[in-house]
Amino acid sequence: MKFFVDENTSPRIVTTLGQIFMTHEFVTPEALDLTGASDVKVFERLGNYGFDAIITKDKNQLANPHELQSLYENGIHWLGYKDIKGLGGVPLMATVTATLAGGLVPVLKHWSDRPRCYKLMHGGREPGQRFKAFDVDTQHWRTRGIKL
């Protein structure tokens, strides 16, 4: 699978995730010349390039119906995580790495053919503590929590 790591996430995570999930590809905005592009333009380009998902801290992409519709129509799954206030440097990178790597394992196990949204959580030992899944309500362009 191809994952786009949004520009609000350190590009250093791409190498680490690639070493953990060797059968998957992780790409930065710089590699696709998408730095500073609008979210809708990014989603369209990702769909054209055959990406499966975006990894981001931008939760507003789910709150904006136009952006959510663009994600869905371009076949892009949304994997988001919360910003971590008060951390920097190595502690921040370690926490983000653990959140993404720990969350991706159960997310990949429950991958859907249609675009879905996943909120990845910091910490937690059980799969249900590492992510929450949401389907897209295409009539109202909003997310709806689901139990997996």
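Note that this is a predicted model, so its numbers are computed, not measured.
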Inset, instruction - Please name the pair of heavy atoms, one in Ala53 and one in Leu79, separated by the smallest distance, quoted to 0.1 Å. - result: CB-CD1, 3.7 Å
Can I get a per-line list of side-chain donor-acceptor pairs under 3.5 Å for residues 28-35, giving both atom names and the distance, sequence neighbours left out?
{"from": "Thr28", "atom 1": "OG1", "to": "Glu30", "atom 2": "OE1", "distance (Å)": "3.1"}
{"from": "Thr28", "atom 1": "OG1", "to": "Ala31", "atom 2": "N", "distance (Å)": "3.4"}

Legend entry - Pairs flagged by side chain to side chain donor-acceptor pair (under 3.5 Å) wherever residues 139-148 is involved - sequence neighbours left out: Asp137-His140
Legend entry - Considering all heavy atoms, the nearest Pro115-Gly75 contact: CG-CA, 3.6 Å
Inset, instruction - Any pair with a residue in residues 31-56 that passes ring-ring contact (aromatic ring centres under 6.0 Å, His included), sequence neighbours left out, goes on the list, sorted by first then second residue, please. - result: none
Please list every donor-acceptor pair under 3.5 Å in which a side-chain atom of residues 84-104 meets a protein atom from a residue at least two apart or in another chain.
{"from": "Thr95", "atom 1": "OG1", "to": "Pro91", "atom 2": "O", "distance (Å)": "2.9"}
{"from": "Thr97", "atom 1": "OG1", "to": "Met93", "atom 2": "O", "distance (Å)": "2.7"}
{"from": "Thr99", "atom 1": "OG1", "to": "Thr95", "atom 2": "O", "distance (Å)": "2.9"}
{"from": "Thr99", "atom 1": "OG1", "to": "His122", "atom 2": "ND1", "distance (Å)": "2.6"}

Legend entry - Those residues that, when tested against Asp52, pass side chain to side chain contact (heavy atoms under 4.5 Å, CB included) (two or more places apart): Met1, Lys2, Trp111
Inset, instruction - Compare every heavy atom of Asn8 with every heavy atom of Asp58, then report the nearest pair and how far apart it is. - result: N-ND2, 3.3 Å
Inset, instruction - Check the hydrophobic clustering (I, L, V, M, F, W, Y; side-chain heavy atoms under 4.5 Å; chains of links allowed) and say if Leu46 and Ile55 are grouped together. - result: no
Inset, instruction - Drop me the distance from Asn48's CG to Asn74's CG, to the nearest 0.5 angstrom. - result: 7.0 Å
Legend entry - Rounded distance (nearest 0.5 Å) linking atom CZ of Arg45 with atom CZ of Phe4: 9.5 Å
Inset, instruction - Please go through Met22's hydrophobic cluster and name the other residues, only I, L, V, M, F, W, Y counting, with side-chain heavy atoms under 4.5 Å joining them. - result: none
Inset, instruction - Specify the closest pair of heavy atoms between Ile76 and Gly47, including all atoms of both residues, with the distance to one decimal. - result: CD1-N, 3.9 Å
Inset, instruction - Just jot down the side-chain hydrogen bond (donor to acceptor under 3.5 Å, both in side chains) partners of Lys41, sequence neighbours excluded, or say none. - result: none
Legend entry - ring-ring contact (aromatic ring centres under 6.0 Å, His included) involving Phe3 - partner list, sequence neighbours excluded: His24, Phe26
Legend entry - Non-neighbouring partners of Arg116 that pass side chain to side chain contact (heavy atoms under 4.5 Å, CB included), sequence neighbours left out: His77, Ser112, Arg114, Tyr118, Ala133, Asp135, Ile146, Leu148
Legend entry - Spacing of CD belonging to Gln61 relative to CG belonging to Leu68, to within rounding of 0.5 Å: 9.5 Å
Inset, instruction - Can you sort out the partners of Asn64 under side chain to side chain contact (heavy atoms under 4.5 Å, CB included), two or more places apart, ordered by chain and number? - result: His66, Glu67
Inset, instruction - Check the pair Val40, Glu44 against side-chain contact (heavy atoms from CB on, under 4.5 Å), reporting the backbone distance first and the verdict last. - result: CA-CA 6 Å; Val40 171; Glu44 290 170 356; 3.5 Å; yes
Can you list, pair by pair, the side-chain donor-acceptor contacts under 3.5 Å of residues 9-17, counting residues two or more places apart and other chains?
{"from": "Thr9", "atom 1": "OG1", "to": "Tyr81", "atom 2": "OH", "distance (Å)": "2.8"}
{"from": "Ser10", "atom 1": "OG", "to": "Arg12", "atom 2": "N", "distance (Å)": "3.2"}
{"from": "Ser10", "atom 1": "OG", "to": "Arg12", "atom 2": "NE", "distance (Å)": "3.3"}

Inset, instruction - Give the cluster check for Leu71 versus Phe134: same hydrophobic cluster or not, with ILVMFWY residues linked at side-chain heavy-atom distances below 4.5 Å. - result: no
Legend entry - Pairwise distance OG1(Thr56) to CG(Leu62) - rounded to 0.5 angstrom: 9.0 Å
Legend entry - Partner residues of Glu73 under the side-chain hydrogen bond (donor to acceptor under 3.5 Å, both in side chains) criterion, sequence neighbours left out: Gln69
Legend entry - Within-4.5 Å side-chain heavy-atom neighbours: Cys117 and Val136: yes
